[in-house]
There are 2 protein chains.
Amino acid sequence: MPEEKLRRQQSGRANASPTLEDVAQRAGVSTATVSRCLNAPERVSEATRKQVLEAVNLLGYAPNFGARALAAKRTDTFGAIIPTMENAIFARGLQAFQEELEQNGITLLVSSSSYSPQLEEKQIRALIARGADALLLIGHDRTPQSYALLESKGIPHVIAWSIDHSIPRTSIGFDNRKAMRMLAEEILKLGHRELAVISAPQDGNDRARERCQGVIDALIQYDLNPADLPIIETPYSISNGADAFQTLFQSRNRPTAVLCGNDVLAAGALSRARELGLRVPEDISITGFDDIEIAQIVSPGLTTVHVPHRKMGMHAARLLVAMRNGEYGETPAESLELPATITWRDSLGPVALRETKDLPQDR
Amino acid sequence: MPEEKLRRQQSGRANASPTLEDVAQRAGVSTATVSRCLNAPERVSEATRKQVLEAVNLLGYAPNFGARALAAKRTDTFGAIIPTMENAIFARGLQAFQEELEQNGITLLVSSSSYSPQLEEKQIRALIARGADALLLIGHDRTPQSYALLESKGIPHVIAWSIDHSIPRTSIGFDNRKAMRMLAEEILKLGHRELAVISAPQDGNDRARERCQGVIDALIQYDLNPADLPIIETPYSISNGADAFQTLFQSRNRPTAVLCGNDVLAAGALSRARELGLRVPEDISITGFDDIEIAQIVSPGLTTVHVPHRKMGMHAARLLVAMRNGEYGETPAESLELPATITWRDSLGPVALRETKDLPQDR
DNA sequence: TGAAATAATGTAAGCGCTTACATTTACGGC
DNA sequence: GCCGTAAATGTAAGCGCTTACATTATTTCA
């Protein structure tokens, strides 16, 4: 036994964590036996196991994760990098993801990138360094280095909240563009012709981009000019949604329907609309995207695109576990598209036959 | 050089991560130099440093965290265990916490305990095993084993979102009881005498318990019988808040004011009230707690207790960093109490002079 | 110019664990 | 009782990194 270690044990520093060796000594067995006892109990006799467990409890032993990972070359840890924890967009999906992982004895490490590809790259690096066996990522926009990193380390990963069949990369989610187009068509069907959108910054956010593209698709289908579509980009937050709404409302071409890139923005828009004395949907229609909890508590309830959060999370977890276990060999697993549907509430109505001057003016 | 390693390098498995040694070899220096280059650049000459960095980039080297932690005995990683990520209660505080840590080059690991002390104990163990240098915990209720663990490993930790001067343990937060009492007094001052509360389950949640106690305190001050106070316990969620509200509303002693244990519950109560055809606050008053974003977007806006989320997070981080750096020696750092205030919006009003039969009945 | 001081680098011993392989023990069957 | 087999346990070699200590190169100054 090394001297330093010996000294430590003699002086009995209570503070330092006991090691496998301490346990072994206490139980009167070798470290190998203790290790087996913890990782493959069936390979150890009843009697010894009892002894070892006793020693473990007595000493309050907890294995050192780093050492274990180092030796075993696998951590049973997955990582997830989401753009933000601030609002609930990803919370439910992540929860499902984590529950499914837990079933498989896997721990989840979460970090958030604040919608910045650079930051995300850093996080990927950090998670890999920490030994993440596999990664959950949101959307397709990231630095080439990020992909290179993933590739070169051979880290299984799936991309959620977005899907792109043209890319040979397993993703699991829904078609943002199609979903938003569907909603936009409903709006057009209700007679609206003056649309506007409040979106998250499109740069580095393929979901936002796709959603905008979706309304453009619908516009084109109705022979309207996409160039006329006002799009305000602003980070997801209630107050930003409110401000953007006001800008739109005060502009020359006041829209009759405002499509928001997500429910948080829409909630902001809605409350500002109310503050401005507007009735929704009689005076103006507002829609969201995501169908998170706040969509149903604002009033009027938000008509929005329902995203299969939990399903995405669960499937992503299963896929990732399978990939980690090598069930797909070298070929990437197939992507999985889940349907997004419209949840009808009350914030969207038919366009009003009205004189613009009936509306409250703000000058 | 060990054989296995040699073989690997010869066969050139591109997949495995390059190690310090690979970099060293490539740069033609020793591993020690590479290590220093990364951890204490000033101790290496300009020229070598350049060479090494080049090799690092070329190889896409990223240090193995576990190995580093094992050798250096510190991880620059803090952990935080919050009860839930599902709603936004802890999001803002956590964000501030994390921002402050980042300033100090510390990475944050987050996990959630679902309000279960048992689960929390597991998480503490996991975080410690992962080498967390320090921990942020919420509230005082946890298993004795959890505390024992923290104690025996000598892990610096602070408790946030709650404060208890009677316990020799550093906490940083506000006085839940006092805050709720303050709110309840305002309600009583407005003439309400029939109060009710919708709380989170009090077991294992000292914040919930303290808040309930706070309204009891106020009741006593007004010579009212606390035994008459209906308290419904239900997990934080909008729909639970709604259901609880309905139960209360349908009970014999219909309250004139409902105090909710947090804003999420209150938002649910509010929306159900509206569904039941009640006007808030004319027919019934509803209050929240936390002052998270949804408090201002529901209508009417929620009168609620404003909790200094960001301040708590930031101070907790600073304190923890100081503790980790040994600035407090053996004595625990002092607790810090921050003030909680009332944010007045529109969901609380004076008690109505009214006949009960004027209200919509639900039978 | 040379010795002492200083800066730069190298050597190698661990950190706490897992696991291939070696060794010991237990158990039947004849 | 002896031997073969299987089960239980032990031995020890790393995993990739940091760092105390040793060594070598460079600088400084009398």
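Chain letters run A, B, ... following the sequence lines, proteins first and then strands; every chain starts at 1.
In this structure, the CD atom of A/Glu21 is 12 Å from the C1' atom of D/dA12, given to the nearest Å. Put simply, CG on A/Leu70 is 4 Å from C1' on D/dC15, counting in whole angstrom units. Computed from coordinates, the A/Lys50 NZ to D/dT9 P distance equals 14 Å when rounded to whole Å. B/Arg49 places its CZ atom 12 Å from the C1' atom of C/dA8, with the value rounded to the nearest Å. Between the CG atom of B/Leu38 and the C1' atom of D/dC17 there is a distance of 11 Å, given to the nearest Å. As a whole-Å value, the separation of A/Gln25 CD from D/dT9 P is 18 Å. B/Asp76 places its CG atom 15 Å from the C1' atom of D/dC17, with the value rounded to the nearest Å. Spacing between atom CD of B/Glu46 and atom P of C/dA7 amounts to 16 Å, rounded to whole angstrom units.
Ranking C/dT9, C/dG16, D/dG16 by closeness to the B/Arg43 side chain, first place goes to C/dT9. Here the side chain of B/Arg36 is nearest to one of C/dA8, D/dA20, C/dC15, namely D/dA20. Nearest nucleotide to the B/Thr48 side chain, out of D/dG16, D/dG10, C/dT9: C/dT9. Residue A/Ser45 has its side chain nearest to D/dA8 when only D/dA8, D/dT18, D/dG16 are considered.
The side chain of A/Ser30 contributes no N or O atom lying less than 4.0 Å from OP1 or OP2 of D/dT11. Between B/Asn39 and D/dT18 there is a side-chain N or O to OP1 or OP2 distance below 4.0 Å. Within the 4.0 Å cut-off from OP1 or OP2 of C/dT19, not a single side-chain nitrogen or oxygen of A/Ser35 is found. A sub-4.0 Å separation between OP1 or OP2 of D/dG16 and a side-chain N or O of B/Ser17 is absent. For the pair B/Thr33 and C/dG10, the criterion of a side-chain N or O lying under 4.0 Å from OP1 or OP2 is met.
Two residues, B/Ala67 and B/Val29, neighbour DNA chain C, and the one matched to the more 5' nucleotide by heavy-atom proximity is B/Val29. Projected onto DNA chain C by closest heavy-atom contact, A/Leu20 and B/Thr31 fall at different nucleotides, the more 5' of which corresponds to B/Thr31.
Under a cutoff of 6.0 Å and an axis angle of 45°, A/Arg169 and A/Tyr147 form a cation-pi pair.
A donor atom on one side chain and an acceptor atom on the other are not found under 3.5 Å apart for B/Ser113 and B/Gln123. A donor-acceptor contact closer than 3.5 angstrom links the side chains of B/Glu121 and B/Thr143.
If you check every strand for non-hydrogen atoms under 4.0 Å, B/Phe65 touches nothing. B/Ala32 comes within 4.0 angstrom of a nucleotide base, judged by non-hydrogen atoms across all strands.
Look at B/Arg310 and B/Glu99 and you find a salt bridge, because one of the NZ, NE, NH1 or NH2 atoms lies within 4.0 Å of a carboxylate O, short of that distance. Salt bridge A/Arg74/A/Asp133: absent, no basic N to carboxylate O contact under 4.0 Å.
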